[in-house]
Amino acid sequence: GWIIRRPPEYGSNANGQFWRYADGLQICIGEFSASVAISTAFVGGFRSLEQSWTFPAAFVGEPEIAATAAGLTAFGCVETGNTSATQGRFVWTAVTTQTAATRAAKLVAIGRWY
């Protein structure tokens with residue numbers, strides 16, 4: 001027989017894009033930039049101050065997030081574990097200290113919307 005699947009709900013705003021599936025899965029993506037220095041000692045290298053990305057749609061609990069440095073603006077990005085249902089937090093990283101400059105990140109959050 002035929003299986004009819006409802007397409008996911010899609011939305012976007014200034015914080016990024018989101019997809020909500022009928023089974024409760026939600027995926028958010030976004031891009032984030034800020035002018036920050038990378039100068040705090042961190043795991044044999046250095047990190048920026050913690051940054052906060054407000055999700056384009058809230059989750060019901062803490063989602064899993066991934067952060068990636070974009071545009072060769074930092075060595076990497078690491079989520080800090082201080083995530084909530086409405087915000088993901090991360091830092092940019094580098095091997096040596098870096099003066100303030102515009103840094104970019106691409107972000108993904110996956111969790112439940114109900």
Side-chain angles (χ1 to χ4, degrees):
W2 289 88
I3 297 175
I4 299 174
R5 298 199 186 272
R6 186 177 135 210
E9 174 188 346
Y10 169 79
S12 67
N13 56 42
N15 297 324
Q17 302 171 58
F18 67 90
W19 292 264
R20 285 182 165 174
Y21 293 84
D23 66 357
L25 175 70
Q26 177 171 284
I27 301 169
C28 293
I29 63 171
E31 296 182 14
F32 187 96
S33 65
S35 180
V36 297
I38 300 175
S39 57
T40 301
F42 176 70
V43 190
F46 296 86
R47 67 169 175 81
S48 69
L49 294 177
E50 187 176 68
Q51 305 297 304
S52 294
W53 168 46
T54 300
F55 303 129
F59 293 87
V60 294
E62 182 181 317
E64 296 296 324
I65 72 163
T68 303
L72 302 176
T73 60
F75 186 77
C77 255
V78 178
E79 65 91 15
T80 63
N82 294 326
T83 300
S84 71
T86 59
Q87 290 188 330
R89 294 181 175 84
F90 66 95
V91 295
W92 282 285
T93 63
V95 177
T96 61
T97 60
Q98 305 289 313
T99 59
T102 300
R103 317 254 177 228
K106 294 192 181 234
L107 304 145
V108 176
I110 300 173
R112 299 196 56 81
W113 67 279
Y114 77 82

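Position 1 is the first residue of the sequence, and the numbers go up from there.
- Residues V91 and F46 are members of separate hydrophobic clusters, defined by side-chain heavy-atom contacts under 4.5 angstrom among Ile, Leu, Val, Met, Phe, Trp and Tyr.
- Note: F59 CZ to W113 CH2 = 12.0 Å, rounded to the nearest 0.5 Å.
- To the nearest 0.5 Å, the span separating CG on N82 from OG on S52 amounts to 8.5 Å.
- In this structure, V78 and T93 approach most closely via the heavy-atom pair CG2-CG2, 3.9 Å.
- Note: the hydrophobic cluster containing V108 also contains Y21 (ILVMFWY, side chain heavy atoms under 4.5 Å, direct or indirect links).
- Taken together through direct or relayed side-chain contacts under 4.5 Å among Ile, Leu, Val, Met, Phe, Trp and Tyr, L72 and W92 form parts of separate hydrophobic clusters.
- Of the candidates W53, F55, F90, F32 forms a ring pair (Phe, Tyr, Trp, His ring centres under 6.0 Å) with just one, namely F90.
- Note on residues 36-49: no pairs pass side-chain hydrogen bond (donor to acceptor under 3.5 Å, both in side chains), not counting sequence neighbours.
- Counting all heavy atoms, side chain and backbone alike, A105 lies closest to C77 at CB-SG, 3.9 Å.
- In the hydrophobic cluster analysis, where Ile, Leu, Val, Met, Phe, Trp and Tyr join through side-chain heavy atoms closer than 4.5 angstrom, I29 is grouped together with I110.
- Under the 4.5 Å side-chain criterion, counting only non-hydrogen atoms from C-beta, R89 is in contact with S84.
- Shown here for R112 and D23, the closest heavy-atom pair between the two residues is NH2-O, 2.8 Å.
- Under the 4.5 Å side-chain criterion, counting only non-hydrogen atoms from C-beta, R103 is in contact with Q98.
- Among residue pairs with one or both ends in residues 64-73, none qualify as side-chain hydrogen bond (donor to acceptor under 3.5 Å, both in side chains); sequence neighbours excluded.
- The line from CD of Q17 to SG of C28 is 10.0 Å long, rounded to the nearest 0.5 Å.
- Looking at every heavy atom in both residues, I65 comes nearest to A109 through CG2-CB, 3.6 Å.
- L49 and V36 end up in different hydrophobic clusters when Ile, Leu, Val, Met, Phe, Trp and Tyr side chains are linked at under 4.5 Å.
- With values rounded to the nearest 0.5 angstrom, Q26 atom CD is found 12.0 Å from Y114 atom OH.
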